[in-house]
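Keep in mind the model is a prediction, meaning the values are calculated, not measured. Residue numbering restarts at 1 for every chain, and letters A, B, ... go by the order of the sequence lines. Values reported hereafter were calculated over all heavy atoms of this structure, with side chains retained and with hydrogens, waters and symmetry mates removed.
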2 protein chains.
Amino acid sequence: MGGATIKDVAAAAGVGIATVSRVMSGSGPVSEATRRRVLAAAETLEYRPSALGRGLKTRRTGAIGLLVPDITDPFSAELAAGVLACARAQGCHVVLDATGEDPDVEAELLERLAEQRVEGVIAVPVRRDPRPWEALTRLGPAVVFAGRTVPGLPSAPCVLADEAGGVRSVVEYLAGLGHRRVAFLGGRGADGPAVREEAFRATLAALGLAVEEDLFARARPTADSAFAAAASLFQRRPDLTAVVAGGHRLGEAAVLAARELTLRVPADVSIAIVEDVPWSELCDPPLTAVAHPARDLGYRACELLLRASAGGAARAPGRPVVLATELMVRASCGPVTGSMRTGRPR
Amino acid sequence: MGGATIKDVAAAAGVGIATVSRVMSGSGPVSEATRRRVLAAAETLEYRPSALGRGLKTRRTGAIGLLVPDITDPFSAELAAGVLACARAQGCHVVLDATGEDPDVEAELLERLAEQRVEGVIAVPVRRDPRPWEALTRLGPAVVFAGRTVPGLPSAPCVLADEAGGVRSVVEYLAGLGHRRVAFLGGRGADGPAVREEAFRATLAALGLAVEEDLFARARPTADSAFAAAASLFQRRPDLTAVVAGGHRLGEAAVLAARELTLRVPADVSIAIVEDVPWSELCDPPLTAVAHPARDLGYRACELLLRASAGGAARAPGRPVVLATELMVRASCGPVTGSMRTGRPR
DNA sequence: GTGAAAGCGCTAACAA
DNA sequence: TTGTTAGCGCTTTCAC
């Protein structure tokens, strides 16, 4: 009832436990006859080798920790799907946890994963402080960052999307459409480098367009704040002709705000979002977006992790793996026309 | 380096390993002095008690298996979020896996979870066959179904959404709007009871509306198939005034098909979907939908599981926990008007 | 080809 | 209050 052990099987098959072990793990020489007897015994007893016992002995658990901000977010979910796919292919299992973007939760979760003796952890990191990560690595598990890096750990293995390239591609696209006053809607908080905003500024500069601070809006990570930021941006600068949202939540807020202010998209204002979502096709109009290869990110991160934890930490530091983003041109961006909103508030 | 063990700590603190164990688990009497010494030693050695060793001894791993069809689907993700929240609160961790709606994958995953000695598994079940589940239970882990049941296991603990009530609420809403020819777009496959379709039929009957087989369309679970089914439905019955989609994928297909056929929503046809999605507000028009309490489902399922695995299997069978759905009235359904499409194909 | 024995890191009696 | 001891279920030499 409580689960048969290797001893039970050995007894039932009339062999030693070592033999059972050999049969179950398929290693070592076993005569075909005993092999069959053992298998039969295992079958009737419904024997399932305990991963605990095995792990204790072999010091390998086949467990991978996965830390995402919010499994409910399409990016996280897609990333997780990639990790799951790779992990399963390698016979590993995934312990999932959500940090909720909270550094303290993240730290606690890392402790728990360490206790579980995971072989590695894949994380979309929150905490800017490199120490918890270093501590974890010292304990054993390999760490691979996905989607973001930790500033203090330049050499940590990580798999990133080409954020800069993605932002550049939209901005250039918008510029090509004739837009000159393009706003950026970004996240607030000590979120660190704000790669997207930085790439936005850089591209503007490279294109010879003016960088007006007034065209930058920042929101806290709540729907309300995002909406407010978008709305006030639209009202503050009635002359802007396009806005790039640095995240899908922000983009949605922009769409809603535009709708609220009865701005037509893209006739009055073009909207593009960084981080494509599964429903961009269904929006009205369908949203032009920079798509991130989230699933690949997860898959690659897992590959990297497995390789690292296998080859010992003897892995060369290696540059980050950077995966391309893709500009999905849909209908929410249009050319600048003479009939566009000018300086006059509507 | 490789992680300190309880012995190391004991040696460093100059105590026996049992004392270390007592200190770490906070159980048993320990003098404040030794306690501090042990803690200090543990601190410097960066000691993390091994869940493997502990689990082997205590026969409790604190692991919960979670099997969803596809973590990328909003319902699954939301459910997972609920499970994670509850599990964390109880000090458990979650081993996530995706079945991809494949019974064989599901079966294999169950084996793996059994080997991991999870204390229970929460599953959105695929397989209609009760045996793998019974086998698992026999092995030890408690099983709780979420969102669906397995036909052969009426007494298995499960947490369900009130599908029938949800469908009834939309159909009644539609009927109240004057709709008489309401189509149903459902999934194909031996998917079993097809609760939603059944509830749809029942409600029609209860309302005294005719049940025309011609108004039922079924699609395989691919975007193409769903689109084709929706499109052919619209063309086959130009006189239908509303359609209920029995799933968000199907609903999206309906929206796209309507758009393709240049049917105006809701002027030409009303569309309602069962299974609300985070982006229904952003659609054009915003989608009226039956919202499922996915997160609560997950949370409750986890609660049930923990209680079951704690109280021994001595739990009373108990009826399924059924959580209410909510009709989210938005703009994709409208009243029937004289100017609606009649029998004439457009 | 097969079995006996020694642990892996931990907890839970039981002694002291 | 604390240490000793006996396993939990498994893999892995090392003899036979």
Side-chain angles (χ1 to χ4, degrees), chain A residues 1-39 41-42 45-63 112 114-119 139-141, chain B residues 1-39 41-42 45-63 112 114-119 139-141:
Chain A
M1 215 95 317
T5 80
I6 196 172
K7 271 191 209 158
D8 302 327
V9 179
V15 299
I17 61 168
T19 304
V20 177
S21 176
R22 287 188 198 104
V23 171
M24 298 311 290
S25 65
S27 74
V30 184
S31 82
E32 191 50 31
T34 45
R35 173 188 180 66
R36 254 199 288 278
R37 249 178 329 132
V38 169
L39 253 18
L45 292 175
E46 296 191 302
Y47 172 61
R48 301 286 182 289
S50 162
L52 264 59
R54 181 191 307 136
L56 196 53
K57 185 72 196 174
T58 62
R59 315 171 112 340
R60 306 198 355 87
T61 56
R112 309 243 272 229
E115 290 202 1
Q116 295 303 322
R117 296 296 188 262
V118 295
E119 293 184 9
L139 252 31
Chain B
M1 215 107 307
T5 80
I6 197 172
K7 272 191 208 157
D8 302 328
V9 179
V15 300
I17 62 169
T19 303
V20 177
S21 176
R22 285 188 200 104
V23 172
M24 299 311 290
S25 64
S27 74
V30 184
S31 82
E32 192 49 32
T34 43
R35 173 188 179 67
R36 254 200 288 277
R37 255 183 321 138
V38 169
L39 252 20
L45 292 176
E46 296 190 303
Y47 171 61
R48 300 288 181 289
S50 162
L52 263 58
R54 182 192 306 135
L56 196 53
K57 182 71 196 175
T58 63
R59 314 170 113 342
R60 305 198 355 87
T61 56
R112 308 243 272 229
E115 291 201 1
Q116 295 303 322
R117 297 296 188 263
V118 295
E119 292 184 10
L139 253 31

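Nucleotide C:dT2 holds its C1' atom 16 Å from the CD atom of A:Glu32, rounded to whole Å. Residue B:Glu115 contributes atom CD, which lies 15 Å from atom P of D:dG9 at whole-angstrom precision. The CG atom of A:Leu139 sits 13 Å away from the P atom of C:dG9 (whole-angstrom rounding). As rounded to whole Å, 11 Å separates atom P of D:dT13 from atom CZ of A:Arg22. Atom NZ in A:Lys7 sits roughly 12 Å away from atom C1' in C:dA5 (whole-Å rounding).
With rounding to the nearest 0.5 Å, the separation of CZ in B:Arg37 from OG1 in B:Thr34 is 6.0 Å.
Between A:Arg54 and the phosphate of D:dG9, there is no side-chain N or O to OP1/OP2 separation shorter than 4.0 Å. Distances shown here put a side-chain N or O of B:Thr19 below 4.0 Å from the OP1 or OP2 atom of D:dG3. Listed pair A:Thr34 / C:dG1 fails the phosphate criterion, with no side-chain N or O lying under 4.0 Å from OP1 or OP2. For A:Ser21, a side-chain nitrogen or oxygen approaches OP1 or OP2 of D:dT11 to under 4.0 Å.
Using a 4.0 Å heavy-atom distance criterion, A:Thr5 is classed as a sugar-phosphate-only contact. Nucleic acid contact class of A:Ile6 (heavy atoms, under 4.0 Å, all strands): base.
Here the side chain of A:Ala18 is nearest to one of D:dC10, C:dG3, C:dC10, namely C:dG3.
Toward the 5′ end of DNA chain D lies the nearest nucleotide of B:Ile17, the other residue of the pair B:Gly53 and B:Ile17 mapping further downstream. Comparing B:Leu56 and B:Pro29 by the nucleotide of DNA chain D whose heavy atom lies nearest to each, the residue mapping closer to the 5' end is B:Pro29.
Using modelled atom types, no side-chain atom of A:Arg59 and backbone atom of A:Leu56 make a donor-acceptor pair closer than 3.5 Å.
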